[in-house]
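Take a look at the structure set out below.
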Amino acid sequence: MTESFVTYETVGAGNIARIGLNRPEARNAQNRGLLVELDEAFRRAEQDDTIDVIILFGHGPSFSAGHDMGSEIAAREELPGPEQHPTFRIDGGTAQSHVERRMLQEWHYYFDCTRRWRDLRKITIAQVHGKVISAGLMLMWACDLIVASEDTLFADVVATRLGMPGVEYLAHPFEFGPRKAKELLLTGDAIDAEEGHRLGMVSKIFPADELADSTVEFASRIAKRPAMARLLIKDSVNGAVDAMGFQESLKNSFALHQLGHAHWTALHDDKFPAAKPGPDIEDWRSAGPLRTADPRVP
């Protein structure tokens, strides 16, 4: 593969790494190459002792539209041939069972990598804008802090458009609260940056034309804290959430996600692992704009 799906630069005083999702034409949909490059970029910043804070952002109109659902690039990566991504030949990629293959591949490239990014040995900031959809939430939630543009919308449409119980790294109950998580998963409705801030998910909200510079300024403030203090604060808070059952909840939800895939795989003759468009499922390719959650509207 010759495409470069991730950009890397240093900003501020040279001590802040900016990692950019670089598929603007696809609203940064997450194909395998992007996820592998992202893992390498995170590791590069983590290894560099001159880097204090990492910013993750998206080029183009949106932070991330979630998993790539079948672009030409994604198809070339997955199908056997000269352009197949090597990760489709390891980590369960050659298993005979559709269920086993998908479970192992999603464990390594959707679930476990997100947990690893959450525990990076640096403070990470997600700089988000536009639409943050489904698996886009996973990338954002792996970061320690979230800074959003005023135009940002957050939604998980996996249930309404694919008949699945949310994404592989299901942090919704911890990020939204249990009842709000159920509402947003069952309806596919979105919340805006202000509601994200009210829920405690979003730290800062900036105008779109000030987002990049203001995020670097915010990161620079954090970088002034002693490195050991930053790390111990991160581990103290993450440890508290884990003591509340976060890690066990993630593993349980991942298993249920795979049960959802197995259900649809068994139901469809072509082994398609999710619901297909019908009376209860929107066609994700032609679905209309996101609907914002409104407490006064059914």
Linking I/L/V/M/F/W/Y whenever any side-chain heavy atoms sit under 4.5 Å apart, do [X] and [Y] land together?
X	Y	result
Trp107	Leu170	no
Met244	Phe176	yes
Ile281	Met69	no
Ile222	Ile205	no
Phe254	Leu162	yes

So, taking the atom named [atom1] in [X] and the one named [atom2] in [Y], what distance separates them when rounded to the nearest 0.5 Å?
X	Y	atom1	atom2	answer
Ile146	Phe154	CD1	CZ	6.5 Å
Leu35	His108	CG	NE2	14.0 Å
Asp189	Leu153	CG	CG	11.0 Å
Leu139	Ile19	CG	CD1	11.0 Å
Leu21	Phe5	CG	CZ	12.0 Å
Leu267	Phe272	CG	CZ	12.5 Å

Verify the neighbour count for atom CD of Glu72: are there more than 12 heavy atoms of other residues, nucleotides or ligands below 6.0 Å?
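No.
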With a cut-off of 6.0 Å (strictly less than), are more than 12 heavy atoms of other residues, nucleotides or ligands near NZ of Lys276?
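It does: Lys276 NZ has more than 12 such atoms within range.
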If we only count heavy atoms from C-beta on, is the Ser64 to Arg27 side-chain gap below 4.5 Å?
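Counting from C-beta outward, Ser64 and Arg27 never come under 4.5 Å.
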For the residue pair Val11 and Glu9, establish whether any side-chain heavy-atom pair is separated by less than 4.5 Å.
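They are in side-chain contact.
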Show me the donor-acceptor pairs within less than 3.5 Å that the side chains of residues 289-298 make with the rest of the protein, sequence neighbours left out.
unit_1, atom_1, unit_2, atom_2, d
Arg291, NH2, Pro298, O, 2.4
Asp294, OD1, Arg296, N, 2.8

Tell me every residue that passes salt bridge (Lys or Arg N to Asp or Glu O under 4.0 Å) with [X], counting only those two or more places apart in sequence or in another chain.
X	answer
Lys271	none
Lys251	Glu248
Arg115	Asp112
Asp269	none

Are Phe57 and His59 close enough that their ring centers fall under 6.0 Å?
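Judged by ring-centre distance (under 6.0 Å), Phe57 and His59 do meet the cut-off.
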Distance flag, aromatic centroids of Phe63 and Trp141, threshold under 6.0 Å:
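No, ring centres 6.0 Å or more apart.
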Not counting sequence neighbours, list each pair that qualifies as a side-chain hydrogen bond (donor to acceptor under 3.5 Å, both in side chains) and has a residue in [range].
range	answer
residues 156-169	His67-Glu168, Ser134-Asp156, Asp156-His172, Glu168-His257
residues 192-204	Glu195-Arg198
residues 213-227	none

Please table the atom pairs, donor to acceptor, closer than 3.5 Å between any side-chain atom in residues 118-131 and protein atoms at least two apart or in another chain.
unit_1, atom_1, unit_2, atom_2, d
Arg118, NH1, Asp242, OD1, 3.1
Arg118, NH1, Asp242, OD2, 3.3
Arg118, NH2, Asn238, O, 3.3
Arg118, NH2, Asp242, OD1, 3.2
Arg121, NE, Asp119, O, 3.1
Arg121, NH1, Asp235, OD2, 3.0
Arg121, NH2, Asp119, O, 3.0
Arg121, NH2, Asp235, OD1, 2.9
Lys122, NZ, Ala45, O, 3.0
Lys122, NZ, Glu46, O, 3.3
Lys122, NZ, Asp48, O, 2.8
Lys122, NZ, Ile51, O, 3.0
Thr124, OG1, Asp144, N, 3.0
Thr124, OG1, Asp144, OD2, 3.2
His129, NE2, Gly60, O, 2.7
His129, NE2, Ser62, N, 3.4

Of all residues at least two apart in sequence or in a different chain, which pass the side-chain hydrogen bond (donor to acceptor under 3.5 Å, both in side chains) check with His263?
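Here no residue qualifies.
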Just to verify, what does Tyr109 make a side-chain hydrogen bond (donor to acceptor under 3.5 Å, both in side chains) with, not counting sequence neighbours?
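For Tyr109 the side-chain hydrogen bond (donor to acceptor under 3.5 Å, both in side chains) partners, ignoring immediate neighbours, are Asp91.
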Will you find, in the side chains of Ser71 and Asp68, an N or O donor that is under 3.5 Å from an N or O acceptor?
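There is such a pair between these side chains.
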How about Glu77 and Gln84: does a side-chain donor come under 3.5 Å of a side-chain acceptor?
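No donor-acceptor contact under 3.5 Å links the two side chains.
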Could you tell me whether Arg32 sits above the aromatic face of Phe88, with NZ or CZ closer than 6.0 angstrom to the six-membered ring centre and within 45 degrees of the axis?
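That pair qualifies as a cation-pi contact.
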Does Arg179 have any side-chain contact (heavy atoms from CB on, under 4.5 Å) partners at least two apart in sequence or in another chain, and if so, which?
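With neighbours one apart ignored, the set is empty.
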